[in-house]
Protein chains: 2
Amino acid sequence: MIETMADQAEADGRRRGGNRRAQILDAALKLFAQKGMAQVTTRQIAQAVGISQPSLYAHFRSADEIAAELCVRAFAALAEAMARVVAVPAGSDERLRRMARAYIDFALAQPDMYRVAFMLEDPQGCKSLGAADGLSHDPVLEAGLLCFAQWHRVIVEHVGDDDERAMILAQSTWAHIHGLVSLLIARHEFPWADRERLIEEHLRRLSF
Amino acid sequence: MIETMADQAEADGRRRGGNRRAQILDAALKLFAQKGMAQVTTRQIAQAVGISQPSLYAHFRSADEIAAELCVRAFAALAEAMARVVAVPAGSDERLRRMARAYIDFALAQPDMYRVAFMLEDPQGCKSLGAADGLSHDPVLEAGLLCFAQWHRVIVEHVGDDDERAMILAQSTWAHIHGLVSLLIARHEFPWADRERLIEEHLRRLSF
DNA sequence: TCCGTCAACCTATCATTGATAGCCTATCGA
DNA sequence: TCGATAGGCTATCAATGATAGGTTGACGGA
């Protein structure tokens, strides 16, 4: 029984480059999606990868650090999804609307990723992540800011050069979209109206 | 050292009616607010109340049940805060705006309560709460629905009798407001614009 | 060819956590 | 006065995140 794990480690593990880290992250994300963040244990992750539970700590300093890394990845994926849509030329209003739609589609297609990025109760696990130097340079925050910057840029194009107004509008519109997807994701049991009609109305009300 | 706990239990505990349950909930909420939900242990709650950790289980079936109860309370408090404002006579548009403002004010004044109600990753702890009968009658969901009903009613007054449209608008506007407060609460570290101006703009954009 | 180094892994083990078992005690109605 | 009951306690469990210390195998210079 137990030796199976060691066997699997040699059969499975060594053959793929040195990307155990990525392998662990993939397994963790899959488990998070299946059972919900709080129900996943380090032993389950280790077993899914085919290594022993303490071996995780050769790649991550703590369980929270795994979550933090996933958080960074999720932000990056969302930013990329938006960037792809924004790259297509269009009027600033149309681009904004497309970006919002891409945001919603991404979140609903990858609810676990979105959950990890935005609904992590305590992303402080990353406090000590990149802080080899004195400055506590938080990679999760940075990834989030980069993601928001994508959103902000399109808003700036839309409303012109009033900086503070642009920032306020960016934050307000972002909250508008986040509110819907986070509730749709987190509250399955709620008696939602028809999802597509709800989204369309929500997007319609994005105008300003 | 240890006997102190027993002493305190007799000094503190017995004197207050039989409301140990409420006492536990208060202590738990306070701790949640101080240290963040995930960092609070049953032993800390017990110590704060002045009883031993196993004694909690005489009042609650599990730790999740404590959180679920707090969730119900928080929904009720929010609903009450809205009801108080809605009771004041005004035009339907003005009432809606006041209710939204009351919602935001409540959430920002009681961030821990709002967090417990809406940002509980896993309110399944209540699955077995009221289900003595076969029907799994979920009190948390019910409290949430009651709270939403408050919101919905004002929307109905505002938009008239198109039922589905009213429901969609109610859900969309609720998401609009929830998005802002949940982000403001959960993302302290984000470089927010001036809070009051942001809120005002967000409320302005509530119109439809 | 041999040996030191290093990364990745393992087993054994901790302290802490939520939860259960079983006993004690004070209060209260018959 | 006495049994029942509510509420509490200590002792203890299994599971969890984390650490300690040893083992293996690849790789590079003597």
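Note that these values count all heavy atoms, side chains included, but never hydrogens, waters or copies made by symmetry. Letters A, B, ... mirror the listed sequences (proteins, then strands); counts begin at 1. Please read all numbers here as calculations on a predicted model, not as lab measurements.
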Distance alone, cut at 3.5 Å: any donor-acceptor contact between the side chains of Glu157(B) and Ser92(B)?
no
Whole angstrom value for the distance that separates P of dA15(D) from CD1 of Ile45(A):
18 Å
Between C1' of dG18(C) and OH of Tyr57(B), the distance in whole Å:
4 Å
Consider the side chain of Ser52(B), meaning its heavy atoms from C-beta on, and name the nucleotide among dA8(C), dC9(D), dG17(D) that approaches it most closely.
dC9(D)
Is Thr42(A) close enough to dG17(D) that one of its side-chain N or O atoms is under 4.0 Å from OP1 or OP2 there?
yes
Using whole Å, what does the distance between atom C1' of nucleotide dA6(D) and atom NE2 of His59(B) come to?
9 Å
Rounded distance (Å) that lies between atom P of dT17(C) and atom CD of Gln44(B):
7 Å
Candidates dC10(C), dT17(C), dG17(D) - which lies nearest the side chain of Ala63(A)
dG17(D)
Assert: residue with more 5' nearest nucleotide on DNA chain D, out of Ala58(B) and Pro54(A), is Ala58(B)
Please state how far atom CZ in Arg43(B) lies from atom C1' in dT16(D), giving the value in whole angstrom units.
13 Å
Check whether any side-chain heavy atom of Arg205(B) lies under 4.5 Å from a side-chain heavy atom of Leu206(A), and answer yes or no.
yes
Show your reasoning for whether ring-ring contact (aromatic ring centres under 6.0 Å, His included) applies to Tyr114(A) and Tyr103(A).
CA-CA 10 Å; Tyr114(A) 193 83; Tyr103(A) 189 115; 5.7 Å; yes
Need to verify one output field. Residue with the more 5' nearest nucleotide on DNA chain C, Ser55(A) or Val40(B)?
Ser55(A)
Length of the line joining Gln47(A):CD and dT11(C):P, which is rounded to integer Å
13 Å
Under the criterion side chain to side chain donor-acceptor pair (under 3.5 Å), I'd like the reasoning laid out for Glu201(B) against Ser172(A): C-alpha separation, chi angles, the key distance, then a yes or no.
CA-CA 7 Å; Glu201(B) 175 63 26; Ser172(A) 173; 5.8 Å; no
How many whole angstroms separate atom CD of Gln23(B) from atom C1' of dA6(D)?
16 Å
Taking atom C1' of dG17(D) as reference, at what distance in whole Å does atom CD of Gln39(B) sit?
13 Å
